Amino acid sequence: MTPSPTPAPAPTPTPTTAPERPAGLRDFYENPAVPVASGTPRSLRQARLLAAALGPAGPGGGRTILDIGCGDGTAAATAAPLLPGHRLVGVDWSQDALARARTRLPYAIRGELTDGGLPFRTASVDAVLFSEVVEHLVDPDAALDEIRRVLRPGGHLMLSTPNLAAWYNRGLLAVGVQPVFSEVSLRAIHGRPGREVVGHLRLYTARALREFVTAAGFDVVRLAGAPFHGVPRPLRPLDRLACARASLASILLLHARRT
């Protein structure tokens with residue numbers, strides 16, 4: 001008998017490395033190198049607007065204020081001395097930002113404006129600080145819907161965002177330069193001054209912001225301007241002067257009330 005041939009051993013598979021997944025928005029904001037704090041001047045201006053709107057805390061206790069997108073807690077910590085007796089709660093979905101916020105705030109919790117919503121009951125909050133957040137959102141309409149849900153009727157929304165039509169952006173665009181605050185990539189700055197990538201997806205003019213917030217079910221009480229800390233030092237006096245007219249200011253500060 002002819003013996004059966006011994007089968008050849010199966011080839012050993014060559015190990016392969018899975019392709020690296022491109023970083024998404026969540027990865028971007030969990031990066032500790034990404035700035036998560038607003039400038040102090042605009043935080044103070046916003047806090048003064050809110051303090052004037054709320055008034056002093058009554059004998060029955062203060063109001064509940066959410067700082068949504070609190071970042072590292074700097075803005076809320078800046079506002080706290082101007083809001084004595086009121087309860088400030090920082091909210092963010094970045095675990096890294098919350099870890100830093102808890103060093104500055106007594107309350108800092110995880111929450112999202114979409115994908116399940118904020119961990120608060122309907123009409124349970126008196127005011128919302130929304131500082132330099134709306135420009136980062138994929139779905140700002142859903143975000144304002146959720147903010148309106150948690151606010152009591154007549155509750156206050158204090159929103160700040162960069163101004164697409166800031167005085168210097170008008171000049172830059174006229175000569176074909178990408179406006180400041182706008183970004184075309186999460187990896188690098190292209191076509192405009194500056195070196196810091198912060199993840200802006202949407203930008204507003206004063207008119208667009210007013211119309212957007214009104215359409216979401218809010219009454220606009222006031223629209224003011226604030227300076228931008230990134231303006232070169234020689235131009236800062238002009239930037240402060242531009243704050244007198246919100247449509248030209250670097251930063252838009254909007255106070256609205258839930259209808």
Side-chain angles (χ1 to χ4, degrees), residues 25-26 29-30 36 38 43 46-47 49-80 82-161 209 212-222 253-259:
L25 275 177
R26 287 184 180 271
Y29 288 116
E30 289 290 2
V36 290
S38 299
S43 295
Q46 193 174 42
L49 288 174
L50 181 57
L54 290 179
R63 311 288 184 87
T64 298
I65 305 163
L66 302 185
D67 183 4
I68 297 177
C70 67
D72 65 3
T74 299
T78 300
L82 301 177
L83 299 162
H86 298 297
R87 183 167 58 256
L88 267 167
V89 181
V91 182
D92 209 295
W93 60 253
S94 167
Q95 296 290 8
D96 177 77
L98 286 172
R100 286 181 272 174
R102 289 183 181 119
T103 67
R104 297 181 172 94
L105 304 175
Y107 309 103
I109 64 174
R110 192 178 187 283
E112 301 196 34
L113 287 164
T114 56
D115 298 332
L118 297 168
F120 297 93
R121 296 189 307 275
T122 297
S124 62
V125 172
D126 299 289
V128 166
L129 285 170
F130 204 42
S131 306
E132 308 334 77
V133 177
V134 70
E135 65 272 15
H136 297 269
L137 300 179
V138 173
D139 190 350
D141 301 282
L144 282 199
D145 287 345
E146 181 63 2
I147 289 172
R148 190 175 185 278
R149 180 188 70 79
V150 300
L151 276 173
R152 294 190 174 101
H156 302 274
L157 169 63
M158 297 292 180
L159 184 157
S160 66
T161 190
L209 184 64
F212 170 63
V213 171
T214 300
F218 293 85
D219 287 332
V220 175
V221 176
R222 183 181 178 190
L253 300 179
L254 181 138
H255 172 203
R257 300 193 73 172
R258 180 198 185 283
T259 56

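Computed from a predicted structure; not experimentally measured.
When atom types are taken as modelled, the side chain of H156 and the backbone of L151 share no donor-acceptor pair closer than 3.5 angstrom. Remark: the backbone N or O of L98 is not paired with any side-chain donor or acceptor of R110 at under 3.5 angstrom. For R102 (side chain) and A108 (main-chain N/O), a donor-acceptor pair under 3.5 Å exists by modelled atom type. Distance alone, capped at 3.5 Å, places no donor-acceptor pair between the D126 side chain and the I65 backbone. Looking at S131, its side chain never comes within 3.5 Å of a backbone N or O of S160 through a donor-acceptor pair. Within the 3.5 Å criterion, the main-chain N or O of G154 finds a donor-acceptor partner in the side chain of R257.
Counting heavy atoms from C-beta outward, F212 and L144 have side chains that approach closer than 4.5 Å.
Atom CD of Q46 sits about 10.5 Å away from atom OG1 of T78, to the nearest 0.5 Å. From T114, atom OG1 reaches atom CG of D145 across 11.5 Å, with rounding to the nearest 0.5 Å. The CD atom of E146 lies 13.5 Å from the CG atom of D141; values are rounded to the nearest 0.5 Å. Atom CG of L50 and atom CG of D67 lie 10.0 Å apart (nearest 0.5 Å). To the nearest 0.5 Å, atoms CE (M158) and CG (L54) are separated by 7.0 Å. Between L159 atom CG and I147 atom CD1 the span is 7.0 Å, to the nearest 0.5 Å.
Nearest approach of R152 to A123, heavy atoms of both residues: CG-O, 3.1 Å. Residue G111 comes nearest to L118 through the heavy atom pair C-CD2, 4.3 Å, listed as atom of the first residue, atom of the second, then distance. The two residues I68 and V133 have their closest heavy-atom pair at O-CG2, 3.4 Å. Contact between A143 and L137 at its shortest, heavy atoms only, is CB-CD1, 3.5 Å. Of all the heavy atoms in A79 and A47, the pair that sits closest is CB-CB, 3.5 Å. Of all heavy-atom pairs between R87 and T64, the closest is NH2-OG1, 2.6 Å.
For the residue pair T74/D72, the side-chain donor-acceptor check at 3.5 Å is satisfied.
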Going through the checks in order, is the side-chain contact (heavy atoms from CB on, under 4.5 Å) test met by T259 and R148?
CA-CA 9 Å; T259 56; R148 190 175 185 278; 3.1 Å; yes

Working for side-chain contact (heavy atoms from CB on, under 4.5 Å), residues F130 and L113
CA-CA 11 Å; F130 204 42; L113 287 164; 3.7 Å; yes

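Atom CZ of F120 has more than 12 heavy atoms from other residues, nucleotides or ligands within 6.0 Å. The environment of R104 atom CZ is dense: over 12 non-hydrogen atoms of other residues, nucleotides or ligands sit within 6.0 angstrom.
Under 4.0 Å is where a charged nitrogen must lie from a carboxylate oxygen, and between R100 and D96 at least one such pair does.
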